[in-house]
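Note: hydrogens, waters and symmetry copies are ignored here, and every other heavy atom, side chains too, is used. So that the names make sense, note that chain A is the first sequence line, chain B the second, and so on, each numbered from 1.
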There are 2 protein chains.
Amino acid sequence: MTAEELEFFPAASQGGPDYGERIRAVFEKHLVKQGLNLTKQRLRILDFLIAAKRHLELDEIYLALRKHGIGRATVFRSLKLLEECGLVDHVTTTKGASRFEIKLERPHHDHLICVECGNIQEVRWPQLEKIQEETCRKLGFAPTWHRHEIFGRCRRCAKA
Amino acid sequence: MTAEELEFFPAASQGGPDYGERIRAVFEKHLVKQGLNLTKQRLRILDFLIAAKRHLELDEIYLALRKHGIGRATVFRSLKLLEECGLVDHVTTTKGASRFEIKLERPHHDHLICVECGNIQEVRWPQLEKIQEETCRKLGFAPTWHRHEIFGRCRRCAKA
DNA sequence: ATGGATGCAAATGATTTGCAGAATG
DNA sequence: CATTCTGCAAATCATTTGCATCCAT
């Protein structure tokens, strides 16, 4: 396994200059195309996700923003819109709620999920992706997305 | 990718002589150890899973067996027991209910799930397993289980 | 004005649990 | 007899929707 084949990176690796602007532009474009509006609630939810730089549960977002009068349903519907335009992805955890993250300009990655502390570590496996694609092609299976999650105990929790 | 690296097999590849007997033996042993009993309901549920040779939803089992007076809760609790002793595994599908399958003596495999017809195709990726293990070791992550599912349209549905 | 957007509360759907009676060893 | 089991119904919990109202254009 070489360095190209295996790359780790923190969720915070996203960014660069004007990252937030680019994200908002994609969102607005999507909304306009659908005849929808970029409301302040939607913007606030998106900004919160960008700032978090990690996987958030719907309720984490809701609890943080309800002081601004934003309801759970709005968070839910905004996340849906954000997924529709490819800005956001979600991870279905074993038990409990899904976790959402910004994915624009972030390479595809898989997740190591600590069942102890809930922390999610990301890992890139370009080689695995290649094998998957080849397999699907051979089988005539047309993949739209995949989920590859390893559950266990992270370094810190494994020691404790 | 060689033949050893990539192996497909139908869910019905399980079996061989006395397969059902071996499964029942594992179950009974587990129950006895816990001071529990191998009741006729539990046996019926297990047998139904063995006979099915495919991924079943809890409700499929329930609907098939309720004519024998078996309740949903019993199916639920039996599946839990069967997972505890390693006889059964479940796949969390995108939407809807989990699907359960017998796993005794079946090699680990991943799933290609058709979002159109719900069919689940299985695939073995020994090479991928190896890479995963190595990565976890490097990161000090102690894996307990993983889930690797590709969603898309199967050959038949992709054509239609 | 008109259509989209929001928040609330209630519906949904899968999963899980409490409990009283039945079955088991 | 002392537990364990079971089925029912009801509780949970995340997710989703209906609806009256609010807001932006």
Problem - Donor-acceptor side-chain pairing of H109(A) and E101(A) below 3.5 angstrom - result: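 H109(A) vs E101(A): donor-acceptor pair found between side chains.
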Could you tell me how far apart [X] ([atom1]) and [N] ([atom2]) are, to the nearest whole angstrom?
| X | N | atom1 | atom2 | result |
| --- | --- | --- | --- | --- |
| R44(B) | dA23(C) | CZ | P | 15 Å |
| Q41(B) | dT6(D) | CD | P | 4 Å |
| Q34(B) | dT4(D) | CD | P | 11 Å |
| L43(A) | dA5(C) | CG | C1' | 15 Å |
| I70(B) | dA23(C) | CD1 | P | 14 Å |
| H90(A) | dT15(D) | NE2 | C1' | 11 Å |
| K40(A) | dT25(D) | NZ | P | 10 Å |
| L36(B) | dT6(D) | CG | P | 10 Å |

Problem - CD1-NE2 distance between I113(B) and H146(A), expressed to the nearest 0.5 angstrom - result: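 Between atom CD1 of I113(B) and atom NE2 of H146(A) there are 12.0 Å.
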Problem - Interatomic distance, L82(A) atom CG to D89(A) atom CG [nearest 0.5 angstrom] - result: 11.5 Å
Handout entry: Selection from dT6(C), dG4(C), dG7(D) that lies nearest to any side-chain heavy atom of R42(A)
Key =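 Selected nucleotide (nearest to the side chain): dT6(C).
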Problem - Closest listed nucleotide, where the reference is the side chain of A97(B) and the choices are dT15(C), dT4(D), dA5(C) - result: dT15(C)
Under-4.0 Å salt bridge between [X] and [Y]:
| X | Y | result |
| --- | --- | --- |
| E60(A) | R54(A) | yes |
| E21(A) | R24(A) | yes |
| E129(B) | R124(B) | no |

Problem - Under 4.0 angstrom between S98(A) side-chain N/O and dA14(D) OP1 or OP2 - result: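 No, no such contact exists.
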Handout entry: Under 4.0 angstrom between T39(B) side-chain N/O and dT24(C) OP1 or OP2
Key =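 No.
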Problem - Residue-level proximity of residues 71-83 of chain A to DNA chain D when a heavy atom falls under 4.0 Å - result: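 DNA chain D contact set from residues 71-83 of chain A: A73(A), F76(A), R77(A), K80(A).
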Problem - Residue that, paired with H111(A), satisfies side chain to side chain donor-acceptor pair (under 3.5 Å) out of R147(A), R99(A), H55(A), E149(A) - result: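 It is H55(A); the other options fail the test.
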